[in-house]
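Okay, structure first, notes after.
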Amino acid sequence: MSEELLDPGRRTCRECGSERIYIDPNKGHSVCQDCGIIDEDRLIDGGPEWRAFNAEERSKRSRVGSPLTYSVHDKGLSTQIGWEDRDIFGKKLSPAMRAQIYRLRRWQVRTRVHSSVDRNLVYAMSELDRLASQLGLPKPVKETASVIYRKAIEKRLIRGRSIEAMVAASAYAAARIRRMPRTLDEISRNSNVNKKELGRCYRLIIRELAIKIPLADPTDYIVRFAFELRLSGWTAQQAVKLVKAARDKGLTAGKDPTGLAAASIYIAGIVEGERRTQREIAETATVTEVTVRNRYKELVQELGIEVAI
DNA sequence: AAGACGAAAGTGGTTGA
DNA sequence: TCAACAACTTTCGTCTT
């Protein structure tokens, strides 16, 4: 039996074995971020059984399964043990009975704590599943995200913050660690967490858990963006070369990696005769056209590329 | 009409006194 | 803690294809 059947959520590239597989949420295709091979097989996906075909549908679906309230985890059905050492007639309890009641009280508190952590986790993991499936994040990223989230619980970082926000931040960190980064914008759009809050939670996590995250690399975005823009693998490779050349010339320091990826894709598209508009590219890279233009002008000028119009 | 261009003002985050 | 700063965004008028 193949590895994939035993563990349907995990996918590796059949060419190079890489686990950096971008799973296109709409089309059911996947693309390897290391060698650019596109796999058109139907996916066996561990995620939700539904498919969303546009943004509205996605946001509608995203509400499915969300309970109405989490404030009382068992909706008031649990038994309470009173603090007074008296029975129902108001009589004092025997010392043996008191000792037993004391033990019971302790256990009740313990089980309540455990079940609240469990409930938190159950909700968090289903939210992570949903997010990962919409963002096309493969299993290794989900695993990393869930480890981060669990550590955040241990460190009591969730208290006073929304579970959704912390899950989203964990996913963001995990995606960067696994070198399959998503932008804050993309994650924010696919969850009910605004960008600002997401950034705050992310910074809290990396600070409190002392996680070191590699600097975002523009090339990590290129294959995915190119795929979403229906560009050929060849053009994507040319874009990667452009970014590397720019890095060698020291043009990339302090610049938004997605902006650089966008500009290099724009140039590569023109050079290779697969032109896309600045607007299209800006949209998939979640930057503005202005940024695409600025980076593109810099690159063309500094790398001495002549762009045939 | 669509795309590309660039100026100007505004925003949120980082840095350094 | 505050101000200066760089990068990016928003907005908008103009030019090019």
Side-chain angles (χ1 to χ4, degrees), chain A residues 55 135 157 161-162 164-166 168-177 181-222 224-226 228-232 235-236 238-239 242-309:
Chain A
L135 294 168
L157 300 182
R161 269 169 272 271
S162 89
E164 263 194 325
M166 292 301 277
S170 304
Y172 176 72
R176 286 193 54 178
I177 289 169
R182 295 296 180 271
T183 63
L184 286 175
D185 253 314
E186 288 171 312
I187 295 192
S188 172
R189 257 191 280 114
N190 287 287
S191 61
N192 294 322
V193 184
N194 69 49
K195 210 173 142 188
K196 209 170 160 185
E197 179 66 14
L198 181 57
R200 263 209 295 272
C201 290
Y202 167 68
R203 261 169 280 142
L204 179 82
I205 284 175
I206 58 172
R207 184 158 45 87
E208 293 298 318
L209 302 182
I211 299 174
K212 43 156 185 49
I213 306 235
L215 286 178
D217 182 341
T219 61
D220 286 343
Y221 290 102
I222 289 179
R224 179 165 61 91
F225 289 164
E228 287 178 3
L229 288 162
R230 332 245 113 216
L231 288 165
S232 68
T235 300
Q238 303 313 303
L242 282 173
V243 167
K244 287 183 173 161
R247 186 158 40 207
D248 291 343
K249 280 214 164 196
L251 300 174
T252 60
K255 300 293 198 297
D256 180 358
T258 54
L260 281 161
S264 66
I265 288 173
Y266 181 65
I267 298 170
I270 293 171
V271 171
E272 300 302 328
E274 288 190 297
R275 190 175 190 134
R276 295 293 181 271
T277 66
Q278 291 179 357
R279 199 180 59 76
E280 284 175 308
I281 292 175
E283 204 171 307
T284 66
T286 63
V287 295
T288 61
E289 296 165 58
V290 181
T291 302
V292 177
R293 278 201 289 276
N294 290 339
R295 289 296 86 75
Y296 142 74
K297 281 193 66 187
E298 275 173 23
L299 291 181
V300 167
Q301 192 173 0
E302 299 293 325
L303 298 178
I305 303 161
E306 80 275 7
V307 182
I309 309 295

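So you know, we letter chains A, B, ... as the sequences are listed, proteins then strands, and number each from 1.
Residues meeting the side chain to side chain donor-acceptor pair (under 3.5 Å) test with A:Arg182, sequence neighbours left out: none. Residues forming a side chain to side chain donor-acceptor pair (under 3.5 Å) with A:Tyr221 (at least two apart in sequence, or on another chain): none. With sequence neighbours excluded, the residues satisfying side chain to side chain donor-acceptor pair (under 3.5 Å) with A:Thr288 are A:Thr291. Contacts of A:Glu186 classified as side chain to side chain donor-acceptor pair (under 3.5 Å), with partners at least two apart in sequence or in another chain: A:Thr183, A:Arg224.
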Pairs of donor and acceptor atoms involving the side chains of residues 197-213 of chain A, under 3.5 Å and at least two apart or interchain, shall be tabulated with distances.
| from | atom 1 | to | atom 2 | distance (Å) |
| --- | --- | --- | --- | --- |
| A:Glu197 | OE1 | A:Arg200 | NH2 | 2.9 |

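Heavy atoms of A:Arg200 sit nowhere under 4.0 angstrom from any nucleic acid atom.
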At a cut-off of 3.5 Å, list every protein nitrogen or oxygen paired with a nitrogen or oxygen from nucleotides 4-6 of chain B, distance to 0.1 Å.
| from | atom 1 | to | atom 2 | distance (Å) |
| --- | --- | --- | --- | --- |
| B:dA4 | OP1 | A:Tyr266 | OH | 3.4 |
| B:dA4 | OP2 | A:Gln278 | N | 2.8 |
| B:dC5 | OP1 | A:Tyr296 | OH | 3.4 |
| B:dC5 | OP2 | A:Gln278 | NE2 | 2.4 |
| B:dG6 | OP2 | A:Lys297 | NZ | 3.2 |
| B:dG6 | N7 | A:Arg293 | NE | 3.3 |
| B:dG6 | N7 | A:Arg293 | NH2 | 3.0 |
| B:dG6 | O6 | A:Arg293 | NH2 | 3.0 |

When you compare the protein's N or O atoms with those of nucleotides 12-17 of chain B, which come within less than 3.5 Å of each other, and at what distance?
none

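The salt bridge (charged side-chain N to carboxylate O under 4.0 Å, His left out) pairs that include a residue from residues 243-264 of chain A are A:Asp217-A:Arg247, where partners are two or more places apart or lie in different chains. Every pair passing salt bridge (charged side-chain N to carboxylate O under 4.0 Å, His left out) that includes a residue from residues 279-291 of chain A is listed here, sequence neighbours excluded: A:Arg279-A:Glu283. The salt bridge (charged side-chain N to carboxylate O under 4.0 Å, His left out) analysis of residues 293-305 of chain A, with sequence neighbours excluded, yields the pairs A:Arg295-A:Glu298.
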_Counting Watson-Crick and G-U wobble pairs with both distances under 3.5 Å, what is the dot-bracket string for DNA chain C, 5' to 3', using [ ] for crossing pairs and | for pairs to another strand?_
|||||.|||||||||||
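The CG-C1' distance, from A:Leu260 to C:dC8, rounds to 12 Å in whole Å. Across the protein-nucleic acid pair, A:Asn294 atom CG and C:dA7 atom P stand 11 Å apart, rounded to whole Å.
Within residues 250-258 of chain A, the residues that place at least one heavy atom under 4.0 Å from DNA chain C are, in residue-number order, A:Gly254, A:Lys255, A:Asp256.
Put simply, the side chain of A:Arg276 never gets that close to the backbone of A:Tyr266: no donor and acceptor are under 3.5 Å apart.
Closest approach of A:Ala268 and A:Thr235 over heavy atoms only: CB-O, 3.5 Å.
Contact annotation: the side chain of A:Glu272 never approaches that of A:Leu231 to less than 4.5 Å [non-hydrogen atoms, C-beta and beyond].
Rounding to the nearest 0.5 angstrom, the gap separating the CG atom in A:Leu260 from the CD1 atom in A:Ile265 is 11.0 Å.
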*Are A:Ile267 and A:Tyr296 close enough, and set up right, to give a side-chain contact (heavy atoms from CB on, under 4.5 Å), and what steps lead you there?*
CA-CA 7 Å; A:Ile267 298 170; A:Tyr296 142 74; 3.6 Å; yes
